[in-house]
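See below for the structure under consideration.
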Amino acid sequence: MERVSWTLFLLSLTYLEGSSQDFGQTQFICTSVPKDMDLCAATMQNSGPAEDLKTTVMQLRETVLQQKESIMNQKETIRELTSKLSRCESQSVLEPVTGGRRKEPGKNTMGDVSRGPTDTLTQLGQTLATLKQRLENLEQYSRNNGSVQANSLKDLLQNKIDDMEKQVLSRVNTVEESKPGQRNDTDQRNRVESTLTSLHQRINDLEKGSKGNRPLDKFQITFPLRTNYMYAKVKKSLPEMYAFSFCLWIKSNASPGVGTPFSYAVPGQANELVLIEWGNNPMEILINDKVAKLPFIINDGKWHHICITWTTRDGVWEAFQDGVLRGTGENLAPYHPIKPNGVLVLGQEQDTLGGGFDATQAFVGELANFNIWDRKLTAGEIYNLATCNNKAQAGNVLSWSESNIDVFGGATKWTFEPCRQLN
């Protein structure tokens, strides 16, 4: 043939037992070799085909067995998840958590969806992608027109996203509770969390654009579900305080217990300052892990204004609801100043600095106008706050402002004006 020579060469395949010098049966193999190729190199490339074939077969067999085992494990996992998700309630185990708080057995608050997890999450993910595209179209339309129609479309889309958010978060959280050790669930939860946070941030931007320059304090934060990843975080820490007052608007009908409206943790003490209502217990305030029970009744689904004042001297505290003094006490962490350089979180109780969230202690409801002062407010000042008097002052340590707070995991910011939107 043209430019190629054909050469015959002999390859030895096996050696006879007992002698390395004697050859058994031999076999001629006809192999094509390029004209310029070294015959020794060709011999090396074509040596041991039987051994290579055997190795390849063994590797393929091992791969098939591994894939078969993986498929069987996945089928078993899906059967277990489907069985668990079809039950409306699951039992909670009583176990200790940091800072002396304990989980309470009883109702599963994570939500209930009985269909298989994979199909449902895929469907919801596709719906979210569709909503994202519609939102992008709405943003473009709003920029071009700035009309009432654009705002109306935005409101309709926001309602749809809200419905989908509850389904997605409920599903992901339920799957994660069923399979706490699976990395895939964590990754999927993070993707959904990121998508929802992005969607709501863009909706907030649209809302600001359609309503002009909304005052930074005219907003509320909504926590629609009990999860261990939905929260808001204050951007700055608290200073050292020998007295304080904090006030906020709160709305919830969660049962049992509204959860943790806020928690402040410092290095070495996760319960430096916490407001919590868990299980069937009354609402409590914790200072340096010391506890006082509060006379609040707020889980009726209506807006309430609550304030607590405290001073390190003798640990004296006062509790106000809707502008009225409801209770007092003393000896609450006396002579212990509130430590600085901590992390202030809304909606979750911290078991570690800035984390360690427990879904059973998460807040469900709405918060607004959370302000902190480094002094004890008077009864008159608190009444002005509860009645939205124009003499009411913002907190000198923390003032309620969108620029001071970030939201995560599906918590959302909405326009809110105290005393105009109540109940």
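Below, each value reflects all heavy atoms present in this structure, side chains not excepted, and no hydrogens, waters or symmetry copies. Positions are given from 1 along the sequence.
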> Going through the checks in order, is the side-chain contact (heavy atoms from CB on, under 4.5 Å) test met by Thr311 and Lys376?
Replying inline: CA-CA 7 Å; Thr311 175; Lys376 179 181 176 181; 5.5 Å; no
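- Heavy-atom minimum distance, Ala319 versus Leu294: CB-CD2, 4.3 Å.
- Contact check for Ile338 versus Ile287: side-chain heavy atoms found under the 4.5 Å cut-off.
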>> Determine whether Leu216 and Asn404 satisfy the following criterion, side-chain contact (heavy atoms from CB on, under 4.5 Å), listing intermediate values before the conclusion.
In response: CA-CA 9 Å; Leu216 293 178; Asn404 291 337; over 6 Å; no
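- Here salt bridge (charged side-chain N to carboxylate O under 4.0 Å, His left out) pairs that include residues 377-393, with residues two or more places apart or in two chains, are Arg375-Glu381.
- Remark: side-chain polar atoms of Lys235 are paired, donor with acceptor, to backbone N or O of Ser403 under 3.5 angstrom.
- At distances below 3.5 Å, not a single donor-acceptor pair connects side-chain atoms of Thr309 with backbone N or O atoms of Ser245.
- Atom-to-atom distance recorded for Leu367:CG and Lys251:NZ is 12.0 Å, nearest 0.5 angstrom.
- For Asn371, the side chain to side chain contact (heavy atoms under 4.5 Å, CB included) criterion is met by Asn369, Trp373, Ala394, Ser399, Trp400, not counting sequence neighbours.
- Using a 4.5 Å cut-off on side-chain heavy atoms (C-beta onward), Leu377 and Cys247 make contact.
- Of all heavy-atom pairs spanning Val343 and Lys233, the tightest one is CG1-CE, 3.9 Å.
- Taking all atoms of both residues into account, the shortest heavy-atom contact from Pro224 to Gly410 is CD-O, 4.5 Å.
- Interatomic distance, CZ of Phe262 versus CZ of Phe246, reported as 4.0 Å (0.5 Å rounding).
- Other residues, nucleotides and ligands place no more than 12 heavy atoms under 6.0 Å from the OH atom of Tyr383.
- Inter-residue side-chain proximity for Val407 and Thr412 is flagged as unmet; no heavy-atom pair is nearer than 4.5 Å.
- Between Ile298 and Met283, the shortest heavy-atom distance links the atoms CD1-CE, 3.4 Å.
- With contacts defined as side-chain heavy-atom distances shorter than 4.5 Å, the pair Tyr335/Thr312 qualifies.
- Shown here for Ala362 and Arg226, the closest heavy-atom pair between the two residues is O-NH1, 2.8 Å.
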>> What verdict does the side-chain contact (heavy atoms from CB on, under 4.5 Å) test give for Glu366 and Trp303, after you've listed the backbone C-alpha separation in whole Å, the side-chain angles of each residue and the deciding distance to 0.1 Å?
In response: CA-CA 9 Å; Glu366 299 161 84; Trp303 280 104; 3.6 Å; yes
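- Of the possible donor and acceptor atoms, none in the side chain of Ser252 sits under 3.5 Å from a partner among the backbone N and O of Val258.
- Of the residues Val274, Asn271, Leu344, Leu286, the one that meets the side chain to side chain contact (heavy atoms under 4.5 Å, CB included) test with Ser263 is Val274.
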>> Applying side-chain contact (heavy atoms from CB on, under 4.5 Å) to Leu238 and Phe244, what does each step give before you reach the verdict?
In response: CA-CA 11 Å; Leu238 301 181; Phe244 69 73; over 6 Å; no
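- The shortest distance between side-chain heavy atoms of Asp351 and Glu349 falls below 4.5 Å.
- For the residue pair Gln269 and Asn288, a side-chain donor N or O sits within less than 3.5 Å of a side-chain acceptor on the partner.
- Considering every non-hydrogen atom in both Trp310 and Ala333, the closest pair reads CZ2-O, 3.5 Å.
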